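For reference, the structure is listed below as structure tokens.
Each chain gets a letter, A, B and so on, in the order the sequences are listed, and its residues count up from 1. A quick note: this is a predicted structure, and the numbers were derived from the prediction, not measured.
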Amino acid sequence: VSNEPAEEEGDSGETSSEEGSAGGTMNDEPGDTVTIGFSAPAADHGWMGAITSAAVDTADQYEDVELRVAEGTNDVNVQISQIETFIADGVDAIVLLPFDGAALTDVATEAMDAGIPVINVDREFSSPFAARSTVLGDNYGMGVSAGTYICEQLGDQPDAVVAEIQGIASLPLTQDRSQGFADALSDCGLDVDNQVSAEFTVQSGEQVTANLLQAAPEIDAIWNHDDDQGVGVLQAIENAGRDEFFMVGGAGSLDVMEHIQSGDTVLQATVVYPSTQAADGIKLARLVAQEKDLDDLASSSVPRTVQLFAPVVTADNVDQFMDIGFRS
Amino acid sequence: MVTEDPAAPLLQMQGIVKHFPGAKALDGVDLDVRAGEVHCLLGQNGAGKSTLIKVLAGAHQPTAGTIRLDGDEIAFPHPDTALEHGVATMYQELDVVDGLTVAENIYLGHELASAGFTLRRSAAQRTRQLMDRLGHPEISPHREVGSLSAAGKQIVSMARALSRDARVIVMDEPSAVLDSGEVDNLFRVVDELTEQGIAIVYISHRLEEIRRIGDRITVLKDGVTVGRNLDVSTTATDELIKLMTGKNVEYAFPERPGVPDDAPVRLEVTDLALADVFSDVSLTVRAGEIVGLAGLVGSGRSEILETIYGARRATRGRVELDGKSLRRGSVGAAVAADIGLAPEERKSQGLLLDEPVYRNVTLSSFARIARGGWLDERAERSAAAEQAAALELRPNDVERPIRTLSGGNQQKVMLARWLVHGCEVLLLDEPTRGVDVGARSEIYDLVRRLADAGTAVLVVSSEIPEVLGLSDRVLVVSDGQVVHEGPAEQIDEHQVLDMVMEGSVA
Amino acid sequence: MSEQQTSSGAATHTPTARAGGRRTRGRLPGLSGLSGATVRNLGLVAALLLLCLVGFLTGGDRFASLTNLMIVLSLAAVTGVIAIGMTFVITTGGIDLSVGSLLGLTTVWASTLATQTMADQYGWIVMVGCALLVGLAAGLINGVVIAYGNVVAFIATLAMLVAARGLAELIANRRTQIVDQPSFETTFQGDLLGVPKIVWIFVVVAVAGWFLLNRTTFGRRTVAVGGNREAARLAGIDVKRHLMYVYGLSGLTVGIGGVMLLARTGAGSSTNGLLLELEVIAAVVVGGTLLVGGRGTIVGTVIGVLIFATLTNVFIINNIDSSVQQIARGAIIVAAVLLQQRFARRSKAG
Amino acid sequence: MSEQQTSSGAATHTPTARAGGRRTRGRLPGLSGLSGATVRNLGLVAALLLLCLVGFLTGGDRFASLTNLMIVLSLAAVTGVIAIGMTFVITTGGIDLSVGSLLGLTTVWASTLATQTMADQYGWIVMVGCALLVGLAAGLINGVVIAYGNVVAFIATLAMLVAARGLAELIANRRTQIVDQPSFETTFQGDLLGVPKIVWIFVVVAVAGWFLLNRTTFGRRTVAVGGNREAARLAGIDVKRHLMYVYGLSGLTVGIGGVMLLARTGAGSSTNGLLLELEVIAAVVVGGTLLVGGRGTIVGTVIGVLIFATLTNVFIINNIDSSVQQIARGAIIVAAVLLQQRFARRSKAG
Ligand SMILES: Nc1ncnc2c1ncn2[C@@H]1O[C@H](COP(=O)(O)OP(=O)(O)OP(=O)(O)O)[C@@H](O)[C@H]1O
Ligand SMILES: Nc1ncnc2c1ncn2[C@@H]1O[C@H](COP(=O)(O)OP(=O)(O)OP(=O)(O)O)[C@@H](O)[C@H]1O
Ligand SMILES: [Mg+2]
Ligand SMILES: [Mg+2]
């Protein structure tokens, strides 16, 4: 289904994610059996869980792929050791979603030097030589999309109150998202009045939101970075009985899309941050390892960088996105 | 008044054997106890007395042997079972819980409760009755036990034994932390109990106490019964000591050679005070002199020693050693100036129980044993072994963990620590508490030898005869004040008692 | 100067002080056995009030409102219930590191499709029963390993922490499970007499915990086991069984917390309760329960939990940067403990 | 079967065993004063060997290779160095929860633009000095608060955990700082004689730690303070100052760990060391150091760290689902402790 006409003209953001479904391209023909090592941070929030599940599911679709999944860890020391083990094992390719891109750069370079192609997913290495190919989400772009959407809605009210609920504040990706958000808002003369950070978890989302709502008695718009913690955020809003504002989500979980579709909550939109990145990574890794090309492209080999688009999902276009939403 | 046939034993223990990993504590002990008697258990430190009564209490399981109660063979797999059968025990190690109140401690394990809820009022009421009976109406049932003195805790422990419907009450060195007034009180209660036909098993190292209340004696040595059914009134002290130690021991205090008049003053304490505990304590100890501090439990003697030593910060006053002032509140300064303290509670204040003997001995002497922070274990061992041999440590093995030594030998290790260090002033707090007769006279001799070698010794003891017998000079302390000072020969036990008699246990 | 004054003042009062001292060993005269705990709690209350003052000065009506009070209480409720159970564990001298991950496990297990489907048939009791049973069972396993296996509590419950998180992930398949069970929602969500139901649950558990610790044989034995394990054994208490029960109790309170969290967030997730253990233990210890065992205070624990909840609230109301928040939080924890100690000392000295 | 064999074997040797036993109290015959610790370590070694056996049976050459050994050792190195410091802390009866977040702080501080620029001028010593100083200073602050402020270690270091993380975030501005300092990289990255340099550092620190604990007055004092604080004080040891030093030492090892982690990852980040504290403590305690203090073993700690590292390695090699991994990890931790106890008991009985 990857060659649906709708997609050709529509959102390019779907290109890569569409590959997740059982495809019918030439490249899906079985080839040499390849072993792919996969390592990602701990599945301590829904999006990360979805990443790993999607990667495993994708690998299962190919009988010529043997996937090695390392224990999800937030300890870069352990993750480095996992990659070292993959290198020692002589896997054919490595798909790596590093807990911290910079910290895993050296070991990824080592893998590349050892002739093992590394597909870098989501959090970028600090050196271009560390990965054969990089599948990137667009964190900055996500913030920009959310900010732009809020600007569209509130642009005529310069003193509108905008609140932001971050994920784990200490992660670079959070900073990128916030930066994009702030930049986009400043374009239309708005700024972030209240900023809190949760932990990407339902529980923390509920806790900080309950307090946030108290801190800000009048709000016009909220951007919540992560739909998984959004479950708690929504519940807190419901518990507080507040509805004078609208909310924009982040990541694009199926629940959120359902809410957008039905319009039963303050959720008006969400910004997609594909949870299928690692699945794409697996596909690319397989192609690279089998020395095949990405036959949807005219150029002859797998591209160095695939940056996924961060589209805004609203009630108008939600139907198109339902099938890439992940169950958080 | 004995109710049944006095000869029929109420309790019979036969051939009790108890092995610990690597040690045989009991190797065939027999004991029979009649209703209404005070049965005394004698033996040196480590003879196995406490182990035997722990077997009786169900706290240890015997390796072999039988226990009969009223002629029926019986086993006590848990402390609970023994208590249910009317065997109540006051243990040697204080077995109270500091965080609970007096009433809660007494009824711990057999709480007065309905549907799991404690009946605090009736517990308090009964506790008051028990405390009245023990002569301590001032101890409130709601008081936290942690705030009581050691003697007060012992009384709670006794009340607990009484609160059980006991037929046999075992008392393991109950008088160790009591002073003479308290001991009188204890004996009055013991008399009451025996009149009701309750049997008492009484353990003590003080032979004079056994003379006062005992009926019959069983003697243990090295985990074996060596003397049974000895009548208190007809057995001579020499004979008991011989049974216990296997040799003839002079149970006497060493000679007092007398301190020469020109002996320099080693320790001089001027107007020392510790807020709310004692005030205006002034004393001197000359080289070669043994000075004793007599007084009731709780009169503040331990605090005086600890304050001199710097373990407590004096609120006022001065401590001088050979004319040089010591820094206030610094143990390090005291130790560096060659003052040593053997504290009152050996186990909690003095020893590293899991560490071997030699490490306990050298703990204060790193300055001598170590070079630039590096330890020379061989030097440590040999220094410790030398003292162990001189003190006749039993067993004479410096590798053994202190925990496995008997009380008297633990005390010797404490002394060895200061011998290795080399002290000008030695502060001894209750140096013979829980120490058996044999070891006692060894410790007396040792202290005297130290004094003869020029050490100034300050001794605290709750046993007035000991203070009087050992010291050259005695200070009597009452309620934080020195009320008398004079040569030990010129005062007797009754005079001391008269001087201190308005004290309290709590 | 002031030292001089104090000591001369003490000298004047020496006779009375000594007389009083003889009875109560340097405690304040005239206060009964509870006074020690009460005085220690005063320091905590002072810390809490200070925090509230700061909240009021910086937040004004946004802080000092009934709504905000309810927010703080709701925030405190789940942690608070679990802290009650933890108070018992710490009073025995133990520790339970598994509460956070067990909280995740109970919410996941009680909100699986299967459980919710059964609940549609038999009512909310199925979900609640499931949460309580899972919590209790896991707690009892902790207890057995610790009491009968002689594994030190820190390690045994750390192992449970790791294992329970893994199990929760397996069961939830790493997804968030939304609660969509009307009978559960109507029973546990929303308010009762203007107060959120989960706050009521917290109040009930705290009161029950207070009675259990202070007025029952179970509670007194808990103190005894923590204060002097050997003495407790010699008094005929089955120490091992008791320890097992105490860890079971902790697990049970986690189960209750799980129900409350499900009600509050409307979702079961294996990430629930991440790092909760440290917060709960901190609240209990700041509250005055001794880590070495032998002394526990439910009132202190409740105040400790409220201090932490209020702190979060004040921070967010003042819109403080999260890094700065953390630095301040660290400093405030230490300050609260020091303040509490100061009170305790002064009460002794006075 | 095998148990039968062992016990009959022991019976044959009984006479010797008893003779030895009289001197060394039921220890294995012929072993000197250290034997207690050695015997306990035997249980650990058995656990490690068992794990290696499983690794070999399931992974074959992929497990039993020199490369893989180096991978395991590199993984263990950072944790191991910090665990050495932690062993001292736990031997005093304390705990240091702040090591993980201090690790983050030291890596961040040592890799700021300012530090790296200075390092370009004066060499890698600037970065190393910075990491060590930051670790040492934070450790000493812990020590002062604990020893002189009388704040219980759990709370004091928990506060430091929170505060240091916040400070690290502030300094790094929540970005990862890349190490781009040639002299540092050439000095600490790569191998020496075929062994990664950070493994060498681990070895050096472990050996130094062993001597410090077993052969110096500092170590002896550490054991004394943990074994009986009051006795140590009355023996003339300045307990407070010593405690301060011990926490300082722990901070210092964290600083060393920070340098190693910077070398390994080439990046300083405030997220470094997340949750490391629990892993380090677990390794130390599984290694046989008593949480209540008074007994510490460096050899045990090293084996404990190796067990955890090998476990991770075996899991990866066997491609086990990560949720299942966690459940297994929990079970194995408990099993290792039980195995160790079994050895200790049997040695006593023999
Ligand atoms: N738990 C134990 N493990 C190993 N050995 C023990 C244990 N308890 C006691 N022992 C040993 O058993 C012997 C008897 O000890 P016990 O405490 O019964 O002596 P005791 O007669 O009560 O001495 P004391 O007068 O000093 O109280 C001693 O050698 C002691 O070291
Ligand atoms: N920690 C304390 N706080 C307040 N008062 C105390 C404390 N310790 C002791 N006291 C008081 O100091 C006085 C002396 O105590 P202590 O029991 O040490 O005297 P002692 O003469 O050495 O008796 P003992 O023979 O029991 O050692 C008592 O009145 C006691 O109430
Ligand atoms: Mg005894
Ligand atoms: Mg005393």
Exercise. Give, as side chain, backbone, both or neither, the part of D/Leu290 having an atom under 4.5 angstrom from any heavy atom of chain C.
Key: neither
Exercise. Not counting sequence neighbours, which residues clear salt bridge (Lys or Arg N to Asp or Glu O under 4.0 Å) with D/Arg229? List them please.
Key: none
Quiz item: Do you know which of C/Leu158, C/Asp321, C/Val292, C/Ile155 has the most heavy-atom pairs with chain D at a distance under 4.5 angstrom?
Solution: C/Ile155
Report which part of [X] has an atom under 4.5 Å of a heavy atom belonging to chain D: side chain, backbone, both, or neither.
{"X": "C/Ile332", "result": "neither"}
{"X": "C/Leu278", "result": "both"}
{"X": "C/Val151", "result": "both"}

Self-check item: chain C-proximal positions within residues 93-110 of chain D [heavy-atom distance under 4.5 Å]
Solution: D/Ile95, D/Leu97
Quiz item: Which of the residues D/Ile327, D/Leu275, D/Leu291, D/Ile333 is involved in the greatest number of heavy-atom pairs with chain C at under 4.5 angstrom?
Solution: D/Ile327
Exercise. Go through the steps to decide whether C/Val337 and D/Asn150 satisfy the test side chain to side chain contact (heavy atoms under 4.5 Å, CB included), and finish with yes or no.
Key: CA-CA 9 Å; C/Val337 174; D/Asn150 281 319; over 6 Å; no
Could you pull out all donor-acceptor pairs under 3.5 Å where a side-chain atom in residues 279-288 of chain C meets a protein atom, sequence neighbours excluded?
none

Exercise. Would you please go through residues 159-172 of chain C and name the residues with a non-hydrogen atom below 4.5 Å from one of chain D, in numerical order?
Key: C/Ala159, C/Leu161, C/Val162, C/Ala163, C/Arg165, C/Gly166, C/Leu167, C/Glu169, C/Leu170
